[in-house]
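These values consider heavy atoms only, across backbone and side chains, with no hydrogens, waters or symmetry-generated copies. Nothing here was measured: the structure is a model prediction, and the numbers come from that model.
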Amino acid sequence: MHQRLPGKIEKAIRQENIFLPGDRVLAAVSGGPDSCALLHILFELKDACGFELEAAHLNHGLRGHESDDDERFTEEFAGKLNIHLATEKADIARTASERQISIEEAARCVRYSFLERVSAERKLNKIALGHTLDDQVETVLHNFLRGAALRGLSGMLPVQGKFVRPLLGERRETLLDYLREKGIPWRIDSSNLDPHFTRNRIRHKLIPFLEKEFNPGLRETLSRNSKVLGEIDGYLSAEAEKLFSTVGKHEGNRITLDLRSLLQYDRALVAYSIAHGLCRLKGDLQEISSKHLASLSRLAFELPTGSLVVLPQGLAAQKTSDLIEIFFDDGRREEGPREEKAEKELTIPGTTEIRWAHLSLVANLANGRDLSSQETRGETCAFFDFDSLELPILARARRSGDRFQPFGMETGTKKVKEAMIEKKIPRSERKKVPIVCDKRGILWVVGVARGNLSRVEPGTKRILTIEAAEGRGTVDSNPEKRTF
């Protein structure tokens with residue numbers, strides 16, 4: 001039965017234009033059943049379809065001698081078929097540590113980089129991957145759980161640039177049957193059973209549970225759905241590109257879209273058009289999620305002028321009175337006041353005028369009493385255990401890279417910039433927000449968030465109260481008028 005599988009794959013190759021006569025193909029071979037089936041089937045079809053075939057194997061170095069055995073196996077397998085094989089050994093664990101990413105992500109990045117490099121060196125124009133229908137389902141579920149947008153829920157495509165997936169419509173079991181019938185050996189990757197990897201838990205736990213309890217045909221259902229969603233995503237992307245061509249401009253590292261024109265269109269199309277602008281700056285943004293698209297829609301239709309949305313890969317989108325502007329966030333940090341004028345020691349007790357912030361900080365000392373329940377009572381007033389502070393107390397402007405531990409966060413830190421963005425402080429106003437510090441670090445981002453340092457406790461003897469007042473007057477209780 002499965003002897004006819006190559007003919008079925010040949011039909012898919014021709015229908016999807018996966019290979020064209022004269023193509024020079026690099027097959028990625030790990031030694032597992034999917035990639036072994038891929039290489040053998042392509043070997044059987046190369047003459048009929050008119051393409052040349054080579055192979056590549058990356059030794060991930062994650063399983064010691066097992067990884068080395070996989071490499072030797074693929075060398076023997078390719079040798080029997082008289083196929084040129086390129087090999088390389090990588091230190092995936094080190095890459096993951098250096099880039100601060102997961103082992104899975106590091107392996108994927110290094111593997112794709114290796115394949116791209118080999119294909120360039122060998123002058124090969126297609127890279128064939130052994131992804132199956134089962135891989136497609138796992139990818140779609142994984143992306144869904146991570147909050148992916150339509151593109152992520154569309155899964156993988158048979159053809160994505162030079163990367164092609166001839167086996168994407170086939171079940172893994174079908175390939176295993178084919179290998180058994182042909183007497184073709186394969187290797188088992190023990191890491192595919194490791195429950196620490198999210199994809200393995202999806203494969204071995206989530207999918208079997210969903211099939212048993214809800215839908216025995218889950219894989220086929222999700223595969224069909226992903227194809228439909230892919231078509232919808234393709235349509236929206238094409239329409240967004242058309243819209244961008246009329247309302248958008250790309251100038252260096254800056255994208256702008258005319259806001260008045262955008263608002264005449266459907267929210268989904270507007271979000272896609274802004275996302276299209278992002279891709280103009282940074283290629284295909286795989287990390288754009290449904291949350292990001294929703295934020296872009298809100299930015300255009302709901303949020304006030306000056307609002308900013310932080311996006312993946314160092315990008316941001318900001319709303320002005322007449323534009324949506326997209327830029328590399330790291331390259332657009334506001335300079336703020338000059339440093340020598342943007343730091344002032346607080347008078348305790350007393351009033352300290354912070355001219356560059358257009359406000360005053362009023363400091364008072366009180367006898368100790370339990371004010372822990374009042375520490376966050378207002379955005380313009382904060383309380384501290386005076387005896388635990390390391391004087392002097394300074395008020396300064398934000399500096400690049402500033403981090404602090406917000407009140408209530410027991411572990412970890414947060415960027416001051418992120419706290420300001422969450423508080424919807426307009427970009428133009430952030431340079432005016434004073435940051436109150438002692439020698440240890442940030443105590444209070446005025447009007448934004450209180451830090452965890454020097455919290456008032458039941459045993460506190462002396463309490464320092466710092467209150468922000470506009471100019472030299474008293475605090476304006478109307479939050480709509482505050483600029484900090």
Side-chain angles (χ1 to χ4, degrees), residues 306 308 310 316 329-365 375-376 378-409 412-456 462-476 479 481-484:
L308 179 142
V310 177
D329 201 22
D330 290 340
R332 284 283 305 273
R333 295 182 187 276
E334 61 272 27
E335 294 180 2
R338 293 179 61 185
E339 188 122 333
E340 65 268 23
K341 294 183 179 179
E343 181 174 291
K344 196 163 187 179
E345 183 175 346
L346 267 59
T347 300
I348 303 174
T351 298
T352 305
E353 186 178 6
I354 314 297
R355 292 185 178 179
W356 48 265
H358 307 301
L359 56 78
S360 296
L361 294 178
V362 182
N364 288 296
L365 284 174
E375 283 209 21
T376 58
E379 296 174 349
T380 59
C381 188
F383 302 88
F384 305 92
D385 182 335
F386 181 75
D387 294 301
S388 69
L389 294 168
E390 294 189 16
L391 304 177
I393 308 299
L394 303 175
R396 62 168 175 80
R398 180 172 70 88
R399 297 169 183 166
S400 177
D402 266 344
R403 303 186 73 93
F404 75 122
Q405 188 178 67
F407 186 85
M409 180 186 287
T413 60
K414 186 174 196 172
K415 286 185 177 181
V416 169
K417 178 181 176 181
E418 290 178 359
M420 289 185 178
I421 290 170
E422 289 175 1
K423 203 69 175 175
K424 296 184 174 57
I425 304 295
R427 188 180 197 84
S428 59
E429 296 296 321
R430 290 178 211 158
K431 61 186 177 183
K432 303 176 185 176
V433 177
I435 295 177
V436 177
C437 314
D438 70 357
K439 287 184 177 180
R440 297 167 301 165
I442 294 174
L443 301 168
W444 183 27
V445 183
V446 177
V448 176
R450 163 77 159 84
N452 238 355
L453 294 175
S454 297
R455 295 167 58 164
V456 173
R462 290 188 293 175
I463 294 171
L464 171 66
T465 301
I466 303 177
E467 193 164 9
E470 290 186 354
R472 289 180 174 273
T474 58
V475 176
D476 192 322
K481 293 177 68 177
R482 296 176 192 157
T483 58
F484 45 82

**Message:** Which heavy atom of Leu443 sits nearest to which heavy atom of Cys437, and what is that distance?
**Reply:** CD1-C, 3.8 Å
**Request:** Return the minimal non-hydrogen interatomic distance between Gly451 and Phe404, and the atom names on each side.
**Result:** CA-CD1, 4.0 Å
**Message:** Give me the atom names and distance for the closest heavy-atom approach of Ala397 to Asp402.
**Reply:** O-OD2, 4.4 Å
**Message:** Quick one, Val446 with Lys432, criterion side-chain contact (heavy atoms from CB on, under 4.5 Å). Give me CA distance, side-chain angles, the key distance, then yes/no.
**Reply:** CA-CA 10 Å; Val446 177; Lys432 303 176 185 176; over 6 Å; no
**Euclidean distance, Leu389 CG relative to Arg440 CZ, rounded to 0.5 Å** = 6.0 Å
**Message:** Show the nearest heavy-atom pair for residues Ile348 and Ala363, with the distance to one decimal.
**Reply:** CG1-CB, 4.1 Å
**Request:** Find the distance between CZ (Arg403) and CD (Glu418) and round it off to the nearest 0.5 Å.
**Result:** 6.5 Å
**Asked** Just how far is it from atom CZ of Phe384 to atom CZ of Arg450, taken to the nearest 0.5 Å?
**Response** 4.5 Å
**Message:** Please report the interatomic distance CD1(Ile466) to CG(Leu361), rounded to the nearest 0.5 Å.
**Reply:** 7.0 Å
**Identified side chain to side chain contact (heavy atoms under 4.5 Å, CB included) partner of Val456 from the options Leu464, Thr465, Ile463** = Ile463
**Complete:** CG (Leu359) and OG1 (Thr352) are apart, to the nearest 0.5 Å, by 11.0 Å
**Item:** Nearest-0.5 Å distance, CG of residue Leu308 to NZ of residue Lys417
**Value:** 7.0 Å
**Prompt:** So, do Pro392 and Lys439 sit near enough that their side-chain heavy atoms are less than 4.5 Å apart?
**Reply:** yes
